[in-house]
Amino acid sequence: MNDTHRYSESHLTRETFRTELNGLVYDWSYQFLTHEQLRDYAQYKLPEDFATKRDALLAGEYLNISESREVAHTLSRGKYSVVREGEKSKFVQMVRKLRSGKWRGATGKPITDIVNIGVGGSDLGPLMASFALREFATDIHDHHVDTHFVSSMDGGQLYAVLPICDPETTLFIISSKSFGTIDTFANVDTAREWMLEHFEPLNLGVNDWLEHHIIGVSANAKKMDAYGIPAPHQLLFPETIGGRFSLWSAIGLSIATTCGVQVFQQMLEGARLMDEHFATAPVDENIPMLMALIGVYNREERDINNLAILPYDGRFRMLPSYLQQLDMESNGKQYNAANEAIDYPTGPIVWGGFGPNGQHAFFQHLHQGYDQFTADFVLVLHRTDKRFSKRVQTSLAEQQRLSVANCLAHRRLMAFGSKSDVPSENYPGGHPTSLLALRELTPESFGAIIAAYEHKIFTQGVIWGLNSFDQPGVEKGKQVALDTFKALHGEDISFDPSTDAIIKMV
Ligand SMILES: O=P(O)(O)OC[C@H]1O[C@H](O)[C@H](O)[C@@H](O)[C@@H]1O
């Protein structure tokens, strides 16, 4: 494809490469494709049954073949939403009880700290959304609850969280679709020891812990029963919702305990509107499809193997980690949906970091390093926050403008470069990037941007013939780690000289 006319600033004045949905602006001006090329590329790349597959996804009917189940996460922001029954919903009642201080611990004190224990999809989505949306909480009563997140198997986060919590006023949400992930239960075991150590001198025990200080969120009711979680404290969600797509479901409980039910509902609504847009907008105005086709083009025609996610608003700090799982676990595959080996590139390596800080760190490589990359800049154009006086708000608004200016400037430098005969002053440019700009961050626009990425990844999976909804590579990782763990416990298992030697040192 001929792109000699792109990356010339004059060309950009003749065509608009921008589409908007409810305050989410997607600008692809600094990508290689023109509208015409994009439409041709869509015809060439999208399989004939793409619309059928898309409709099946949005109806909750798309088949995850290898796991023999449907894919239903889009329904969790529509007709099967956990908040659809309002005050009658168990999810809503739990959130209200916790956020109003009516949920009491075993000694009768109101819960003040909630710890979500989960990993992967049971951690990254809730953590990201809670962090991004906490300032929008509207239904705060007199009571203040803090929500913490613990995921890592090494206990590293418990070291930080336990000392600032009081066992009598702390509640743990065990978030695990399978209710069997070893990382999560390693953390739960330690949390239980911490609590029981405090409870036993008070003549309280495991049952008091289970009765007052635990909520289970899972697709596996049997395992929650077996663990002893009382039925009223169990939240179930369907098997058909994949872990990395589960923040919209009951797994989002910690989002709602942090931000309130209303914000959670608004987030779902933003995602639902993106579902509608994905279903109906023409291809060169369809945000997820544009993102997908541009990504496939960069991967296949330009041989660019990585995508940097560069948010310029601190509330999106966790977005790169979230999208890493969403994309790499879905499309990082060398086999197709029919389980045949494939010989073409699929999903890119997704990485990134908070843009303003990255400028003082890894941007050197982006501006002058050897490697090719593509990037998504994520920007929020306006921010107001009534918690501050006018005077402080004015200063904060100036900071927001500073961040916007830096984002736009670095994006230009990556696209157009800055030529000089002095090698150290030469910036090659030519890196294709997109801009996702929110006019304002709201729960709705947040929901929309996350759903856009989900559909982008789905579309790419369809183009590449993948099943984007399984993750055997992760399952394999769990098995190999089990054997190593046994060896650490003294079982006579040998691996290789390096591993064996380190095991002996532990
Ligand atoms: O929610 P859980 O069943 O505990 O699973 C947590 C995570 O486990 C695995 O690593 C899967 O690959 C992830 O997709 C999942 O999100």
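We count ligands from 1, going down the list as the structure has it; atoms in each ligand are counted the same way. Owing to the predicted nature of the structure, the values given are computational and were not obtained by experimental measurement.
Val474 CG1, 3.1 Å is the protein heavy atom nearest to atom 10 (O) of ligand 1. Of the protein's non-hydrogen atoms, Val119 O, 3.2 Å is the one closest to atom 6 (C) of ligand 1. Summary of contacts: the protein heavy atom closest to atom 9 (C) of ligand 1 is Lys478 NZ, 3.5 Å. Among protein heavy atoms, atom 16 (O) of ligand 1 sits closest to Gly121 N, 2.7 Å. Closest protein heavy atom to atom 5 (O) of ligand 1: Thr181 OG1, 3.5 Å.
For Gln234 and Ser218, the side-chain atoms include no donor-acceptor pair closer than 3.5 Å. For the residue pair Ser76 / Ser249, no side-chain donor-acceptor distance below 3.5 Å is found, with atom types taken as modelled.
Atoms of ligand 1 lying under 4.0 Å from at least one heavy atom of Gln471, given by number and element, are 12 (O). Per-residue contacts place Ser122 under 4.0 angstrom from the following atoms of ligand 1 (heavy atoms of the residue considered): 1 (O), 2 (P). Each of the following atoms of ligand 1 lies closer than 4.0 Å to a heavy atom of Gly120: 16 (O).
Taking the six-membered ring for Trp and the full ring otherwise, His73 and Phe458 have centroids separated by 6.0 Å or more. If you look at Phe469 and Tyr62, their ring centroids are closer than 6.0 Å. Here the two rings, on Phe316 and Phe354, have centers that are 6.0 Å apart or farther. Here the two rings, on Phe91 and Phe264, have centers that are under 6.0 Å apart.
Side-chain atoms of Arg54 come within 3.5 Å of backbone atoms of Phe278 as a donor-acceptor pair (strictly under, hydrogens ignored).
Using a 4.0 Å cutoff on heavy atoms, Gln325 counts as a contact of ligand 1.
Not one N or O of Glu475 is nearer than 3.5 Å to an N or O of ligand 1, by distance alone.
Contact annotation: for Glu329 versus ligand 1, heavy atoms closer than 4.0 Å belong to the side chain alone.
Ion pairing between Glu301 and Lys45 fails under the 4.0 Å rule for side-chain N and carboxylate O.
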